[in-house]
Amino acid sequence: MPTLTFFPIGNADTCLIELDNARRALFDFADMRNADDEKDKRCNLEQELRDRLDGDKELDVVAFTHLDTDHCKRAKEVFWLEHAAKYQDDDRIKIKTMWVPATAILEEGVEGQALTLRTEARHRFIEGEGIRVFGRPDALDEFLKERDIDPAKRRNLISDAGTLCPEFDLDVDGVEFFVLSPFAEHCEDGTYKRNDTAIFMQATFKVDERLTRLLLSADVGYEMIEDIVRVTRIKHNDDRLVWDVNNVPHHSSYLSLAAEKGKNETKPGDSIKWLYEVQGREGALLVSTSCPVPNDDENDQPPHRQAANYYKHVADDLDGQYLVTMEYPKESKPKPMEIEIGAKGYSIVKSAGGSAAIISGAAPRAGRE
């Protein structure tokens, strides 16, 4: 059956999706562990990924939702990149199709991992293969025209919000990916804010006619999420915001819920309340890809206890659970969180040596809300 794996890598994102037909999609790659620190509990992400690939050295899709370090660290050391021979050797993992937001091509002044991945994305986009770009700002056309490329000849490589990604088919692969953001106008002013122009999408899995839905939210802030809800509802696509598993945005930052942190719980506005409290299904799972949730406010960085309290409140109301990757199955020894998608919805595979119980969530059958 299809599986999702979230990795304990601190305040960082990586989610591996493995399908029954052996196809795989990886959302972000951030190998954050300090190998020189014996007390660092974050996993060796490269090794974990290679173990799951079991000798295979190609992924069907690698999505870099945006180019912040906590979403792409060590990518240039691990993956085969087409634009330069120094990133090509037999041990590297190849990327059949790279998914990036338009910002990842247009942004200027980048350096380090971001610069290398921007160069790779530009190379693939110019060559016209092995890439999908999300969002269609006018600047993307200008980028092509400056290189004497007719923008019409790259339209097949661009996906707008409100469309399905052509790389996967629900009936053939058992999954489809629906683009919820970015919108073209999110990056029209030339500022290219990474979080606000990141890839935000819904994955729908079908097993024996039962649908299970996953929201992948990157680091999108509350204003953008409000926009996503507003536009999606205007287009009568409410079902595209239904979820059984939710990779909550920005490592449980309060800024993905509201402008104010709140004293004990962050209180979102009506549209975000609707997204979590109405669109979440019974038994739903909220996953915080983050460090352990603190009991105080000494650190300004996420996760914020007030946001975590809201997500816990949602989980309780849905008879589900809120789990933190660096606390699973226990904070003293975190392990990858593996989730199976089956005919009865999702279930969490009990980690070897862990103490977490198996959690299951119901999902509606195909065609039924």
Side-chain angles (χ1 to χ4, degrees), residues 65 160-164 176-183 185-186 195-205 211-290 302-323 345-346 361-369:
T65 61
D160 298 315
T163 64
L164 289 168
E176 65 183 15
F177 293 89
F178 186 85
V179 188
L180 290 160
S181 186
F183 308 133
E185 58 265 30
H186 285 168
N195 288 359
D196 291 346
T197 59
I199 298 171
F200 187 120
M201 59 173 51
Q202 180 204 57
T204 299
F205 299 87
L211 301 182
T212 301
R213 297 174 172 101
L214 162 71
L215 280 187
L216 293 155
S217 310
D219 286 355
V220 177
Y222 78 94
E223 291 175 310
M224 292 300 106
I225 296 176
E226 289 174 345
D227 276 352
I228 289 167
V229 171
R230 174 180 57 81
V231 172
T232 303
R233 300 200 73 183
I234 287 172
K235 299 292 185 180
H236 305 292
N237 281 326
D238 289 19
D239 63 316
R240 294 301 182 176
L241 288 170
V242 170
W243 56 275
D244 301 281
V245 180
N246 194 320
N247 180 7
V248 300
H250 207 176
H251 326 299
S252 289
S253 168
Y254 79 90
L255 289 171
S256 290
L257 289 171
E260 300 295 330
K261 185 183 292 184
K263 183 177 180 180
N264 293 309
E265 183 177 310
T266 304
K267 302 292 186 182
D270 289 342
S271 59
I272 293 181
K273 282 186 65 176
W274 174 86
L275 173 63
Y276 287 107
E277 299 177 26
V278 177
Q279 295 299 87
R281 289 308 197 187
E282 182 180 356
L285 171 66
L286 297 96
V287 178
S288 178
T289 51
S290 70
H304 299 121
R305 64 177 181 84
Q306 293 89 344
N309 286 340
Y310 174 72
Y311 293 131
K312 290 174 184 177
H313 167 81
V314 170
D316 287 345
D317 285 351
L318 295 173
D319 197 23
Q321 192 155 347
Y322 168 79
L323 296 177
Y346 78 86
R365 292 195 175 275
R368 198 181 97 185
E369 292 301 317

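Just so you know, residue 1 is the first one in the sequence shown, and it goes up from there. Only a predicted model underlies this, so the values are computations on that prediction, with no experimental measurement involved. Values below: every heavy atom of this structure, side chains too, minus hydrogens, waters and symmetry copies.
- The residues D238 and R233 are annotated as salt-bridged, a charged nitrogen and a carboxylate oxygen being separated by less than 4.0 angstrom.
- Remark: N237 CG to D239 CG distance equals 6.0 Å, nearest 0.5 Å.
- For the pair Q202 (side chain) and V242 (backbone), a donor-acceptor distance under 3.5 Å is present.
- Residue F183 holds its CZ atom at 10.5 Å from CG of D160, rounded to the nearest 0.5 Å.
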**OP:** List the steps, then state whether side-chain contact (heavy atoms from CB on, under 4.5 Å) holds for L255 with N195.
**Re:** CA-CA 11 Å; L255 289 171; N195 288 359; over 6 Å; no

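- Not a single donor-acceptor pair under 3.5 Å links the side chain of N247 to the backbone N or O of S217.
- P249 is listed as a side-chain neighbour of I225, based on a closest heavy-atom distance under 4.5 Å.
- The number of heavy-atom neighbours closer than 6.0 Å to CD of E260, taken from other residues, nucleotides and ligands shown, is 12 or below.
- I272 and L257 make their closest contact through CD1-O, 3.5 Å (heavy atoms, listed as atom of the first residue, atom of the second, distance).
- Annotation: ring-ring contact (aromatic ring centres under 6.0 Å, His included) contacts of Y276 (sequence neighbours excluded): Y311.
- L318 CG to R281 CZ: the interatomic distance, rounded to the nearest 0.5 Å, is 10.0 Å.
- The closest donor-acceptor contact from the side chain of H250 to the backbone of S256 lies at 3.5 Å or more, if one exists at all.
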**OP:** Kindly determine whether T65 and L216 satisfy side-chain contact (heavy atoms from CB on, under 4.5 Å), including the steps that lead there.
**Re:** CA-CA 9 Å; T65 61; L216 293 155; over 6 Å; no

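- Nearest heavy-atom pair across T232 and I228 is OG1-O, 2.6 Å.
- Residues W243 and N246 share a closest heavy-atom pair of CE3-CB, 3.4 Å.
- The nearest pair of heavy atoms linking T212 to G345 is OG1-CA, 3.5 Å.
- Between the CG atom of L211 and the CD atom of E176 there is a distance of 8.0 Å, given to the nearest 0.5 Å.
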**OP:** Step by step, work out the side-chain contact (heavy atoms from CB on, under 4.5 Å) result for R240 and L164.
**Re:** CA-CA 11 Å; R240 294 301 182 176; L164 289 168; 4.0 Å; yes

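- Among all heavy-atom pairs drawn from P268 and Y310, the shortest one is CG-CZ, 3.6 Å.
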Original post:
D317 and H313: side-chain hydrogen bond (donor to acceptor under 3.5 Å, both in side chains), yes or no, with the steps?
Top reply: CA-CA 6 Å; D317 285 351; H313 167 81; 3.3 Å; yes

Original post:
Going through the checks in order, is the side-chain contact (heavy atoms from CB on, under 4.5 Å) test met by H304 and S253?
Top reply: CA-CA 6 Å; H304 299 121; S253 168; 3.7 Å; yes

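- Rounded to the nearest 0.5 angstrom, F200 CZ and L241 CG are separated by 7.0 Å.
- In this structure, CZ on F177 lies 9.5 Å from OG1 on T204, to the nearest 0.5 angstrom.
- Comment: D227 engages R230 in a salt bridge, judged by a side-chain N to carboxylate O separation of less than 4.0 angstrom.
- Nearest approach of K267 to A258, heavy atoms of both residues: O-CB, 3.5 Å.
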